[in-house]
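Quick notes on the structure that follows.
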Amino acid sequence: MQSDKKIFDDLAKMINGVAGTVAGAGREAEASMRDRMRDWVGGLDLISREEFDAVKEMAIKARNENEDLKKRIAALEAAKLPVKPAKKTTNKKTTTKKAKK
């Protein structure tokens with residue numbers, strides 16, 4: 001009887017050891033796969049969610065400013081304010097006198 005009990009104890013220890021080894025191998029495989037996926041995704045030149053949200057907010061702000069400017073232009077055109085012509089600038093070329101010998 002005692003030897004039967006010892007066999008079952010040894011068998012239980014061996015099964016626990018195998019289960020621990022398999023679990024450890026599973027965790028190691030998962031970590032390795034996670035690292036490989038991170039490297040693969042990193043090579044795809046993707047952006048993070050934070051970067052996407054920041055650019056999205058900038059686009060919304062630019063769109064709103066554009067709409068505001070369109071409304072201001074339309075109001076100015078509707079007012080038909082006299083427009084002053086732009087000042088003409090003259091480009092005077094400077095000439096250098098050649099030294100006489």
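Atoms considered below: every heavy atom in the structure, side chains included; atoms not considered: hydrogens, waters and symmetry mates.
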Donor-acceptor pairs under 3.5 angstrom involving side-chain atoms of residues 15-31: please list them, not counting sequence neighbours.
| unit_1 | atom_1 | unit_2 | atom_2 | d |
| --- | --- | --- | --- | --- |
| Asn16 | ND2 | Ala12 | O | 3.4 |
| Thr21 | OG1 | Gly17 | O | 2.9 |
| Glu30 | OE2 | Arg34 | NH2 | 2.8 |

Which pairs would a plain distance check flag for residues 64-74, meaning a side-chain donor or acceptor within less than 3.5 Å of a matching protein atom at least two apart in sequence or in another chain?
| unit_1 | atom_1 | unit_2 | atom_2 | d |
| --- | --- | --- | --- | --- |
| Asn64 | ND2 | Ile60 | O | 3.3 |

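Atoms CD1 and CE, on Ile7 and Met14 in that order, are 12.0 Å from each other to the nearest 0.5 Å.
Applying the salt bridge (charged side-chain N to carboxylate O under 4.0 Å, His left out) rule to Asp35 yields the partners Arg38; only residues at least two apart in sequence or on another chain are considered.
Residue pairs meeting the salt bridge (charged side-chain N to carboxylate O under 4.0 Å, His left out) criterion with at least one partner in residues 52-64, sequence neighbours excluded, are Arg49-Asp53.
In this structure, Ile47 shares a hydrophobic cluster with Phe52, the cluster being traced through Ile, Leu, Val, Met, Phe, Trp and Tyr side chains under 4.5 angstrom apart.
Asp10 places a side-chain heavy atom less than 4.5 Å from the side chain of Lys6.
In the hydrophobic clustering of this structure, Leu46 does not group with Val55; members are Ile, Leu, Val, Met, Phe, Trp, Tyr whose side-chain heavy atoms approach within less than 4.5 Å, directly or through other members.
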